[in-house]
Amino acid sequence: MKLNRLFAAVTFGMLAWGCGTDKEDNAQPTVPELEIVSDNTDTPFPQDGGSATVTFTANMDWTASTDQPWCTVEPGNGEAGTVTLTVSAIANTDYDERNAALRIACGTEQKTITVTQKQRDAILLSADKQEIGQEGGRFGIEVASNVDFAYEIDADAQSWITTADTRSLEGSTLYFSVSPNNGPDRREGHIRFSYGTLEETVTVYQEGETPTLMLSQNTFSLGAEGGLIKTELQSNVDYTMTMPQDGWVRQVTTRTISTYTLTFEVDPNTDPQPRDTYISFEDKEHGLIESLNIHQDGYEAPVLTPEHELVELDCEEHDILVNVRSNVDYSISTGADWITETVTRTATTTTHRFHVEASQDFYPREAEIVFSNEEYGLTGTTLVRQSPRDAILPEKQACTVSGQGETIVIAVRANVDYAVYAAQTDWYTWEDSSTDGENHRLSITVRPNTTTEERTATFTLNGGSAETTITVTQKAGNSTGGSIDDMPHTDW
């Protein structure tokens, strides 16, 4: 047993010596180990910047850095362990996406993470407005964009602004067509380019057909109490407005768009005498001038003033409104059975609605609407003048001639200039002549019919809104008849 214990002691000592010798002879340097733990390293930063974290493990001291000034990392170094870095990006003001390299080093081991940031979305237009002449035309807008944008023409301008054609996108330029503006007013339309909340607008301005400077109402009559007056000014020219110097009329509002409402305040008139003034609007370049005339009654003076002295109408049926300014009672006489009246009354102004029947007359007609007050001997008159209905009245509209041929003369009354239309043929000729402007004679010469069949010609008389026809029938060549057969015709 002593021998065994000795052997064991010796063996243990040898083992201990052997282990100690191996540890000193076989010592190795530490191998760098670096592992990225985060799983969101491919998520790009938004355009307006922000911060994100990256987690990794290292078994030795480490360092972290980026290669772009817009991207930073904190902390920049540290000791072994599990580490979380904060990566920050400032806002991207460029129109391109950008990248930065985040490098993490542990001894000889290195990891690189690509940091991506989205671009600044943009729709850049070569111009934000277009001035187009009255005649219309084609224009192009160059578009620079890093997004898939859409464009739309405002609904109220789609009737006169259109995409030029299906091949309107040439490179980065969009082309549009503008129709001629046949009205006097300057008009405005918009083309909107959009992507999400991003929007850019091109405003299209087009001049009217002719220079215009026009007031919707030029004359105002007010009572002594004064008040506000309004009128619409329509203009497509630069103009100057000259106010009166007497000081009892002032402008209340001022606007600068092409068509707008002008409002003026008229002071009360404490003088028994009426007074008048005017405001002028002038475009010297085109020689245009408009005048706003203001009449104000004297204090407590009896007033009976119709708004319109003359109303001119076409031949169709109409309802007309006549405002009468009065501080006395009055009666009304229309002087014609084709004008009837209904009344709507307010505190100081009475609006009279008159119904004017459609005219079937050959000549113009007119009638006076008379407003009268016997107590003060006041009279106001509005003259209603109505145009005639366009008329072409032939003496007859159909006739028959013999096969031997003949010349027929048809009297025609007309209150419009007219032309005669008929098919070109060799078996008749015609001539229209005027005797006194309103009375005409249509002479039709029919040559002999050498055929055995009846033949017909139609003559169309057309002028203004009126049109009528005359039918001439010629019997066959073997017919013995020769008289003109009058058909139903217009009574004279």
Side-chain angles (χ1 to χ4, degrees), residues 19-20 22-129 141-152 169-174 191-202:
C19 289
D22 289 342
K23 185 174 182 180
E24 292 180 3
D25 293 345
N26 298 323
Q28 298 295 325
T30 301
V31 177
E33 293 182 1
L34 178 63
E35 181 180 359
I36 304 298
V37 178
S38 299
D39 56 1
N40 61 341
T41 56
D42 58 349
T43 302
F45 279 99
Q47 177 269 330
D48 56 354
S51 298
T53 59
V54 175
T55 302
F56 66 92
T57 60
N59 64 347
M60 297 176 59
D61 291 348
W62 53 269
T63 60
S65 62
T66 65
D67 64 348
Q68 297 295 329
W70 56 266
C71 181
T72 59
V73 59
E74 290 290 340
N77 56 73
E79 299 176 350
T82 299
V83 182
T84 297
L85 300 176
T86 299
V87 184
S88 301
I90 62 176
N92 186 1
T93 58
D94 294 334
Y95 300 119
D96 296 315
E97 187 179 86
R98 61 186 180 183
N99 299 310
L102 169 62
R103 295 186 176 90
I104 305 172
C106 176
T108 58
E109 184 72 8
Q110 181 174 290
K111 300 286 185 180
T112 300
I113 298 174
T114 300
V115 179
T116 302
Q117 187 176 22
K118 293 182 177 180
Q119 77 280 0
R120 176 187 177 186
D121 292 340
I123 303 173
L124 304 179
L125 307 178
S126 58
D128 61 2
K129 68 177 181 178
I141 296 294
E142 187 175 351
V143 184
S145 178
N146 56 6
V147 295
D148 294 330
F149 64 87
Y151 71 89
E152 181 180 17
L169 183 59
E170 298 178 4
S172 59
T173 302
L174 284 165
I191 306 171
R192 304 183 190 279
F193 298 77
S194 61
Y195 172 77
T197 58
L198 189 64
E199 182 176 285
E200 295 292 334
T201 301
V202 175

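By convention here, the first residue in the shown sequence is residue 1. Heavy-atom basis, side chains included; hydrogens, waters and symmetry copies ignored.
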Original post:
Do you see a donor-acceptor pair shorter than 3.5 Å between the side chains of Glu97 and Asn99?
Top reply: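 Side-chain D/A pair, Glu97 to Asn99: absent.
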
**OP:** Report yes or no: do Thr84 and Thr55 form a side-chain donor-acceptor pair below 3.5 Å?
**Re:**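 Yes, side-chain donor-acceptor contact under 3.5 Å.
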
Is a side-chain donor or acceptor of [X] paired with a backbone partner of [Y] at a separation under 3.5 angstrom?
X	Y	value
Asn59	Gly81	no
Asn92	Asp96	yes
Trp62	Glu79	yes
Asp48	Ala91	no

Measure the spacing between [atom1] of [X] and [atom2] of [Y] and express it to the nearest 0.5 Å.
X	Y	atom1	atom2	answer
Gln47	Gln117	CD	CD	7.0 Å
Ile104	Asn77	CD1	CG	12.5 Å
Glu200	Arg192	CD	CZ	11.5 Å
Arg120	Arg98	CZ	CZ	12.0 Å
Leu85	Thr72	CG	OG1	11.0 Å

Does some side-chain heavy atom of [Y] sit less than 4.5 Å from a side-chain heavy atom of [X]?
X	Y	value
Leu174	Tyr151	yes
Leu102	Thr66	yes
Thr57	Leu34	no
Ile123	Tyr195	yes
Glu199	Thr201	yes

Subject >> Where Ala122 and Val147 come nearest, the two heavy atoms and their spacing >> reply: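 The answer is O-CG2, 4.0 Å.
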
